[in-house]
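Below: the structure, in C-alpha cells.
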Amino acid sequence: MDDLDAPVGARGAAGARAAAKGRGLNVAIGASAVVAAIGVALWAAQMSGGMVQTAMRNLDSWGLYITMFMFFVGLSAGGLIISSVPKAFGIKGFGGISKVAVMTSIAATVGAIGFVVVDMGQPLRVWELFVYSNLGSPLMWDIIVLMVYLILSCVYLWAQIAAEKGKVSHTALRVISVVALVCAVTVHSVTAWIFGLQQSHEMWHTALLAPWFVSSALVCGTGLVICAAVALRAAGYLAWNQADLVKLAKLLAAFLLVDLYFFGCDLLTEGFPAASGAEIVAMLVSGPLAPFFWGEVVLSVLAVVICVVPRLRTTPLMVVAGLFAIAAIFCKRVQLLVGGFQVANIDWPAVLTPYTVTDWQGNMAQAYQGLVYWPTPLELGIALGVVGLSFLIFFLGLKLLPLKPAGDK
Amino acid sequence: MTGNTHQASAQLTRRSFLKATGAVAGVTALAGTGATLAGVAAGEAHAEASAAEQYFHSGCRGNCGSKCHQKVTVRDGKVVKVSAMEYPEGDEGWRRLCVKGQTQPQRQYDPDRVQYPMKRVDGTERGAGQWERISWDEAIGLIAQNMGAALQSGGGTSIGFMSSYASYGVLNGATGGYMSFAYGRFITAVGCTVLGACSDYAQMHVQMLGFGQNGNSADDVVNSKTMICWGGRPDESDVHIWHYVCDAREKGIPLITIDPQYSATAAHSDRYIPIRPGTDGALMLAMINHIAANQLENVDYMRAYTQAPFLVKEDGTFLRMSAFGVEPIEAGINPMTGMPIVLDSPAVFDEADGTVKALEAAQQPAILGTHAAADGASYKTCYQECLDHITEYTAARAAEITGVPEETVVELAEIYAQGGIWNLGYQGLGHHVNSHHNYKNMALLCAQTANYGLPGTAICRNTSPFTGVSNYMPYMYGRVGANVPSMALPDVLETKIWGETPVDLQVLWVMNGNPLCCESGRTELIEAFKKVPFVVVADVSMTDTAMYADVVLPVPHVFEVEDYDSGCPTPYLMYHQKCVDPLYESKSDIDIMRLVAAALQMDAIYADGPTDGDFIKQIVEAETTAPLGVTYEKLASGEMVRSPLSPASHVEMKIGSAEGERLKFYMEAPTPRIVSGQEVADYEKRPYFMPANEAYWENPLRSQYPLMGCSEHTKYHVHSQTAFTPWLRELEPEPVLKINSQDAAERGIAQGDYVRAFNDRGDVVLKALVTDGIMQGVIGIPHGFREDQYVSGHAQNLTSRVMNDFCYNNAYYDFLCEVERYEGSVE
Amino acid sequence: MARYGMAIDTKRCVGCNACTLACKQANNVPDGVMWSRVLTDGGDMPDTPASDGGNLSMRYFPMGCQHCENPACVKVCPVGATYKDPETGVVRQDYDKCIGCRMCMSACPYSGVRSFNWDEPQYCLGHDVGDADAPAHQKHVVEKCTFCYQRISKGEVPSCMDLCPARARFWGDLDDPNSEVAKKVASRQYTHLLEEKGTKPSVYYLV
Ligand SMILES: Nc1nc2c(c(=O)[nH]1)N[C@H]1C(S)=C(S)[C@@H](COP(=O)(O)OP(=O)(O)OC[C@H]3O[C@@H](n4cnc5c(=O)[nH]c(N)nc54)[C@H](O)[C@@H]3O)O[C@H]1N2
Ligand SMILES: Nc1nc2c(c(=O)[nH]1)N[C@H]1C(S)=C(S)[C@@H](COP(=O)(O)OP(=O)(O)OC[C@H]3O[C@@H](n4cnc5c(=O)[nH]c(N)nc54)[C@H](O)[C@@H]3O)O[C@H]1N2
Ligand code: SF4
Ligand code: SF4
Ligand code: SF4
Ligand code: SF4
Ligand code: SF4
Ligand SMILES: [Mo]
C-alpha cells in the first residue's frame with residue numbers, strides 16, 4: 001500500500017514531535033476560526049450596508065470573490081486528482097498523503113462555495129437554486145457539480161478511511177476514485193464554462209478554457225499538496241518520503257508545462273488574427289494586467305526550473321516551487337476575471353454614475369486605464385474570512401479525522 | 001420610503017397580460033402610434049390608473065423659450081410625473097418636452113428651494129451666507145419699512161425692481177421687467193426704477209423690435225433649399241424644432257453649421273464651418289459684397305420687398321415725397337401706440353422713365369446708383385449707400401478676420417444667393433458687445449437674396465411664432481419711474497442719476513432672474529449689490545443672487561400656482577393650472593405684492609383682483625380680447641386651447657411692397673434701446689462690422705490672455721434654474737471647460753484635469769474637457785452652473801460689464817482669458 | 001405572438017437624454033441607475049467628436065437592454081429570474097426571484113445595460129415618481145429596461161417612446177409589417193450593436 005511507504009525512522013521521529021504540535025493544531029484551529037468569524041461579521045456588514053462597499057460595479061460586476069472562487073475550485077481539484085489518479089489507475093502513488101490531499105480538496109471546495117455565497121446579493125434566496133433551477137445555466141451546472149463534488153470528496157475520504165479499516169473493498173474504493181476523478185475534471189470544465197461559454201467576453205470565449213482550467217487546477221492543486229504535505233511532515237503530523245516529494249515536483253513541472261502550453265496556444269489564437277483579440281493580448285502583455293501576466297509566466301517558469309533541475313530539488317525549494325505554482329495560477333485567475341471586464345465591448349463614452357464602473361469620475365478610457373477593478377478592504381477581509389473557513393475545515397479535518405497514513409497508528 | 005405604493009408588475013402573469021391587452025382592441029397595431037394613450041381630462045381622476053391619481057395641465061416656467069405644455073400627475077398630493085400634453089391632430093409636431101421638463105418634480109421638491117422667509121443675520125456681511133428664519137409678518141414689515149423710508153427720501157425711483165426672463169406669467173412674471181399684475185401694478189403706481197435684463201438685446205433691439213423681423217415657424221423649414229445653423233444650437237437650446245430640421249434633411253435639404261464649436265447640430269450637418277467668435281458680421285459683409293459684385297442679387301425681390309431702392313439723403317434719412325411738396329396722408333391709427341399713422345412715401349428712382357418718384361408710383365425702382373432728383377440734388381439708393389460703406393470687406397479680408405477660408409466665404413455667398421435659406425442661428429451671433437450689427441448685416445444679406453417672407457426662409461430661428469391672447473393695459477397704473485439696464489446698476493449707484501431722472505436706489509428687489517449668476521460682469525455687480533442699502537430677492541431657490549440679499553422670500557414652483565403666460569411658441573395658449581398647494585411657506589409673487597401693498601396702505605392697486613382668476617380674466621376677456629372667444633373658464637378647465645390668433649398651418653413672416661411691410665436693413669433714425677443722453681453713431685444706421693470689445697483675434701491683450709470665451713446654452717440647463725436638479729446632475733455632474741486638444745497640450749492639460757481660467761476680472765476653477773470639438777484659441781464653459789458648483793470662482797467672473805450704449809446688450813462671450821492647470825486641492 | 005422592438009434613428013438623435021430621463025421617471029429608477037443611456041460614438045468623452053485629420057464626426061446611440069431574440073442573459077440565469085416573455089418577446093426581470101449572482105451581467109455583451117442595485121435604492125425625492133404600477137426596486141438584485149412592461153401591457157407605449165424631441169424613436173411589433181418600427185426597419189438601413197455576438201437584438205439603429 002502506498003500509504004505505508006514512509007520509512008520507519010522518520011515515522012518515529014515525527015510521532016515524537018506530534019504530541020508537542022497537537023497544541024499547535026489547536027491554535028491553528030482557533031486562529032482560523034477567528035479569521036472566519038471576522039469574515040462572517042464583515043459579510044454581515046456587506047449585506048446590511050450594501051455591496052456598494054465592494055469595488056464591483058455594473059461594468060465590472062464580479063471581483064475578488066469570483067476570482068477566489070475559480071482559484072479555490074482549482075485548488076480543490078488538484079488534491080483530489082493527486083489522490084485519486086493512482087488509485088483509479090492502480091499505479092503507485094505519492095506516499096501517505098492521499099487523505100490529506102482529499103482533505104485539502106474538501107476544504108477548498110467549501111471555500112469555493114463560500115465565495116459564491118459571499119458574492120451573492122440575495123444569499124437568503126439560495127434555496128431558489130433548487131426550486132427554480134434553470135438547468136440551461138452553466139452556473140446551475142456548476143452549483144450542481146460542486147455539490148456533487150463536495151459530497152463525493154467526503155465520500156471518497158470516508159471510503160479511504162473505511163478501506164483502511166477494511167470496511168470498503170479496494171474495488172469499491174477504486175470505483176469511487178474513478179467517479180471522483182471524473183467529477184474533479186467535470187467541476188473544472190464546468191467552472192470554466194461559466195466563463196468560456198459567454199460570447200460577451202472576448203477573453204473568456206474560448207474552447208480551450210475547460211481543459212486549461214483542468215491543467216491549471218492540477219498545477220495549483222499539486223502545489224498545494226506539496227506545501228501541505230511538507231508542512232505536515234515538518235509539523236510531525238505525518239512522515240513522507242523525499243522520493244514522493246520529488247515525484248510530485250516532477251509531476252508539477254509536467255502540469256506547469258501543459259498549462260504554459262495552453263497559455264501559449266491561447267495567446268497565439270487571440271493575437272494572431274491581429275483583430276479584436278490583439279487588444280486582449282496587449283492588455284495582458286503590456287496593459288494593466290501585465291503584472292499578473294508576467295507574474296504567471298515568471299513564476300511558472302521558475303517553478304518548472306526548480307522542479308526539473310535535480311540540484312534545485314531541495315525540500316525548501318520544492319515548497320517554493322509549489323508556492324510559485326499556486327501564485328502563478330492565482331495570477332491566471334486574476335487575469336481571467338479582471339481581464340474579462342478590462343476590455344469593454346462597447347467603449348463609447350456615456351454618462352457614468354457611481355454604480356457604473358469603479359472609477360466613474362472620468363471617462364470610459366480613464367475608468368479602464370488602470371485595473372478596472374481592485375478590491376476594497378472589505379472584500380479582502382471577507383475573502384480572508386472565507387480562506388480562514390477553508391483552513392478551519394482543513395485543520396478540523398486534521399484534528400478530528402484519521403488522516404495520518406494508516407501505518408502511523 | 002419607497003415601494004409601498006407600488007405593486008410588482010413583474011408579477012404580471014401571461015394571463016393578466018393578455019387580459020390587459022385584450023381590453024384595448026388591436027393593441028399591437030396601435031401600440032406604435034401612441035394613440036392608445038388616453039386623453040387628459042384635467043384634474044379628473046384617470047379611470048385606468050390608480051384612483052388616487054389626478055392630472056393637471058401646466059407648463060414649464062423656465063426661460064428656454066419652448067414653454068412646453070405639461071401633463072402633471074399628482075398622486076397622494078405630490079407631483080409624481082411630468083409628461084407632454086397631447087396635442088390635437090395636425091398639431092402633434094408642436095408637442096414638446098425635454099429633460100428639464102421631465103425633472104420639474106425634482107426642481108419642485110429640490111433641497112435647494114427657499115422654504116421660508118429669511119433674513120441675513122444682523123451684523124454679518126452680505127453674501128456671508130448666514131441666515132435667520134423669519135415670519136412673513138416680519139419680512140413684510142421689514143420690506144415696508146425700508147420701502148417707506150426710501151419713498152420718503154428718494155421718491156419712487158429709489159425702489160428698483162431687477163428681473164430677467166424667467167417667467168412671463170401675467171400674474172407673477174416680469175415680461176419687459178415689470179409687465180404683470182404683481183409687479184406692473186406696484187411699479188407703475190409708485191414710479192419705481194425698473195432694472196431690466198440685458199440678455200439678447202443685440203438681437204431683440206435691432207432685429208426684433210427695430211426691424212420687426214423673425215423667421216417663419218419651424219415647420220416651414222421643410223420648404224427651404226438650404227438650412228444654415230449660424231450661431232445656434234437647435235440640438236440643445238431649441239431641441240423642439242430639431243425634428244423639423246430632420247424632416248428637411250430627410251428630404252435632402254442640406255444643413256450647414258457655422259460655429260466655433262462642433263455641436264450635435266454640426267455633427268448632423270452636411271458641412272461644418274468653424275468660425276472665430278464675434279466675427280460673423282465680417283463674413284456677412286463679405287458675402288454681401290460678393291453677391292453684389294457678381295450681380296447675384298434677386299433684383300426683383302429687392303425692388304419689390306426691401307428698402308434697397310429708397311433714396312437716402314445727406315443726413316442719412318430717406319428722401320420722401322414731402323420734399324417734393326406731396327402732403328403726407330393719415331392712414332388710420334397705430335393700435336400699439338394709439339398714434340395716427342402718417343404716410344409720407346419714400347422716393348425712389350424709376351428706371352422705367354429715369355425719374356425720381358413715389359415708391360408706389362415707380363414701375364422699376366433702381367436699387368443701385370446715385371440718381372438726380374427734381375430738386376437738382378443727387379441721391380444714393382439705400383442699397384448703394386450700404387454697399388459703399390462696406391467695400392473693405394472682401395472675401396480675402398473676411399477670411400483674415402474670421403478664419404473661414406476665402407473660397408468658403410464665396411461658396412456661402414453663392415448658396416445664399418440661391419435663396420430658400422432657413423437660418424437656424426440665434427444667440428451665438430448676439431452675445432458680443434457689438435453683436436447687434438450682425439442683425440443688420442444678416443438682413444441685408446437676406447434682402448439681396450430673397451430670404452425673408454417667402455416659404456422656406458427664416459432670417460433667424462423663430463422661437464415664438466404664434467400669438468397669444470393678451471391685453472396688457474391692466475398692468476399699468478401710471479408709469480415706470482426710470483428704465484435702467486440692469487448692467488448699469490454700478491453706474492447709477494455712482495451717479496445717482498439715469499439720463500435726466502434721479503435714481504437714488506435704496507431698495508433693490510430681484511425677481512424672475514438670477515443676475516449674479518447670469519448677467520455678465522459678475523464681480524462688479526456683486527460689489528454694486530453690496531452698496532445697495534436693502535436687497536430683497538424673491539425666488540424659488542437659493543440662487544447666487546439670493547446669497548447677496550438682506551431678505552429672501554420663498555416663491556412657489558410653477559406647479560403650485562395658477563398663471564397665464566402670454567408667450568406662445570406653439571399654437572396653444574399657455575395656462576398653468578395649480579396642481580398642488582404652494583410648498584413650505586412659499587407665496588406667489590402676486591400674493592407677496594398684495595401684502596407689501598397692504599403694508600404700505602396701497603391695497604387699492606390690487607383691489608380689482610380679489611382672486612387670481614379675476615386678474616387673468618382682465619387679460620383674456622378684456623374688451624380688446626373678448627371677441628377672440630377665449631374665456632378664463634375654458635383655460636381654467638385645463639383643456640388645450642388653441643390661440644384664435646394662430647393660423648391653422650404654419651406662420652410665414654409678412655412681407656409686402658408697402659414701406660412698412662418691406663424687409664429692413666437700414667435704420668433711418670436709429671434709436672438706442674434706452675435713451676439716456678448718449679450720442680448715436682452714424683454707423684448704427686447701416687450694416688456694419690465692429691470687432692468684439694475684447695474677444696477679437698488681433699487684440700494685443702491676447703499676448704496675456706490668448707483664449708476667447710464662449711458659454712452657450714446647453715441641454716441640461718435652463719440658465720441657472722436646473723443647476724442642482726439631481727437627475728440632470730447625474731447626466732452632467734459638474735461644470736467643465738471645453739478646450740481644444742492643441743491648446744490643452746500646449747498647457748500640459750490632460751483630459752479631466754482641473755484647470756483655472758482667469759483674466760483681470762476674476763477666475764474660475766473647474767474640470768477640463770479636452771476635445772477637438774472646439775476651435776483652437778476658443779474655450780467654452782456651458783452657462784448655468786452656480787457658485788458652489790465650481791471648485792472656486794465662477795465662470796461669470798470672467799465676463800465683463802462692458803456694453804454698447806445703443807442696445808445695452810450683455811456680452812457673455814466677449815472675454816479673453818488664460819487657462820492653466822490647477823494644482824490646488826479639489827475637495 | 002408579438003415581438004416588440006424599437007428603432008432609433010441615429011441621423012436624428014441629438015443625444016438629448018430625454019429618453020434616459022423619461023425612463024427614470026416612469027419606472028421610478030433609483031438615483032445613479034440608468035436603464036438606458038446615450039452613448040457617443042465620437043471622442044473619448046460624451047458629446048465630443050472623433051477627429052480624423054481635421055474631419056470631425058459624432059453619432060449618438062441611446063442604449064438600453066436590446067431585448068435580444070437570443071438573449072445571452074436569459075440562458076445563464078440559474079433561477080430564471082430573467083426570462084423572455086413569450087407573448088411579447090420582452091426580456092423581463094423578476095426582482096423577487098433574483099439571487100443577485102450577476103451571471104446575467106457578465107453574460108450580456110451590451111456593457112452596462114444591466115444594472116445591479118449595489119445599495120439600498122435611493123431616491124432624490126422623498127416620494128416615488130412615475131407609473132404607480134411600475135415594479136418596486138430592491139437592493140442587491142439586477143434590474144434593467146423592461147420595455148416598460150407595465151405600460152405595454154396596457155397598450156401604451158414605453159415611456160422613452162412617448163416623446164423623443166427629435167422624433168428619432170419608433171416602436172411596435174416587429175412582426176407586424178404595419179407597425180411603425182417594422183416600416184422603418186423595412187425602409188431604412190440599420191445596424192445592430194454587436195451584431196457579431198449573435199444575440200439578435202430587437203433594437204435597431206437606423207443609419
Ligand atoms: N437648454 C436650454 N435651452 C435654451 C436656454 C437654456 O438656458 N437652456 N436658453 C434660451 C435662451 S434665453 C436663449 S437666448 C437661447 C440661446 O441659444 P442659442 O441661440 O443656441 O445660443 P447659444 O447657446 O448662446 O450659442 C449657440 C451656438 O453659438 C456658438 N457661438 C458662440 N459664439 C459664436 C460666434 O461668435 N459666432 C458663431 N457663428 N457662433 C457662435 C456657440 O458655440 C453655440 O454652439 O437658448 C434658449 N434655449
Ligand atoms: N455665461 C453666460 N451667461 C448667460 C448666458 C450665456 O449664454 N452665457 N445667457 C444669457 C441669457 S441669453 C439669458 S436670457 C440670461 C437668463 O438669466 P436669468 O433669467 O437670470 O436666468 P435664470 O437662471 O433663469 O433665473 C431666473 C430666476 O427666476 C426664478 N423664477 C422663476 N419663476 C419665477 C417667478 O415666477 N417668480 C419669481 N420671483 N422668480 C421666479 C428662478 O427660480 C430663477 O432663479 O442668462 C444670460 N447669462
Ligand atoms: S425646459 Fe424648455 S424645452 Fe424643456 S420642458 Fe421646459 S419649456 Fe420645454
Ligand atoms: S430622446 Fe431622442 S434625440 Fe434624445 S437622446 Fe433619446 S433618442 Fe436621442
Ligand atoms: S441586451 Fe443583454 S440583457 Fe438585454 S436581452 Fe440582450 S443579453 Fe439580455
Ligand atoms: S443576477 Fe439575478 S437575474 Fe442575473 S443571473 Fe443571477 S439570478 Fe438571474
Ligand atoms: S422601454 Fe421603458 S424601461 Fe426600457 S428604456 Fe424605454 S422607458 Fe426605460
Ligand atoms: Mo436668452
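Not measured: the values here are computed from a predicted model. We name chains A, B, ... by the order of the sequence lines, and we start the count at 1 in each one.
Contact detail for Arg12(C) and Trp242(B): the closest heavy-atom pair is O-NE1, 2.8 Å. Residue Lys81(B) comes nearest to Asp131(C) through the heavy atom pair NZ-OD1, 2.7 Å, listed as atom of the first residue, atom of the second, then distance. Nearest heavy atom pair, residue Pro105(B) against residue Gln25(C), reads CG-OE1, 4.2 Å. Closest of all the heavy-atom pairs between Val80(B) and Val129(C) is O-CB, 3.1 Å.
In terms of non-hydrogen atom pairs under 4.5 Å with chain B, the most contact-rich of Asp31(C), Val14(C), Thr20(C) is Val14(C). Listed options Met6(C), Gln138(C), Met34(C), Arg59(C) were ranked by heavy-atom pairs under 4.5 angstrom with chain B; first place goes to Met34(C). Considering only heavy-atom pairs separated by less than 4.5 Å from chain B, the leading option among Pro46(C), Cys124(C), Pro49(C) is Pro49(C). No other option in Asp9(C), Asp47(C), Asp175(C), Thr146(C) has as many heavy-atom pairs under 4.5 Å with chain B as Asp47(C).
Looking at Leu97(B), the atoms closer than 4.5 Å to chain C (heavy atoms on both sides) sit in the backbone and in the side chain alike. In this structure, chain C has heavy atoms under 4.5 Å from both the backbone and the side chain of Val82(B). For Thr103(B), the part lying near chain C is the side chain, with the backbone staying farther off; criterion is any non-hydrogen pair under 4.5 Å. At a 4.5 Å heavy-atom cutoff, the contact between Ser83(B) and chain C is made by side-chain atoms alone.
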Evaluate the salt bridge (Lys or Arg N to Asp or Glu O under 4.0 Å) criterion for residues Glu730(B) and Lys24(C): first the C-alpha distance (whole Å), next the side-chain angles of each, then the deciding distance (0.1 Å), finally the verdict.
CA-CA 11 Å; Glu730(B) 266 180 26; Lys24(C) 287 197 68 151; 2.4 Å; yes

In sequence, state the C-alpha distance, the side-chain angles, and the governing distance for Arg167(C) and Glu92(B), and then conclude on side chain to side chain contact (heavy atoms under 4.5 Å, CB included).
CA-CA 11 Å; Arg167(C) 310 293 196 268; Glu92(B) 299 94 337; 5.6 Å; no

Go through Thr48(C) and Val770(B) one step at a time and tell me if the side chain to side chain contact (heavy atoms under 4.5 Å, CB included) criterion holds.
CA-CA 9 Å; Thr48(C) 64; Val770(B) 179; over 6 Å; no

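Scanning for ring-ring contact (aromatic ring centres under 6.0 Å, His included) contacts around His69(B) gives His57(B), Tyr87(B), with sequence neighbours left out.
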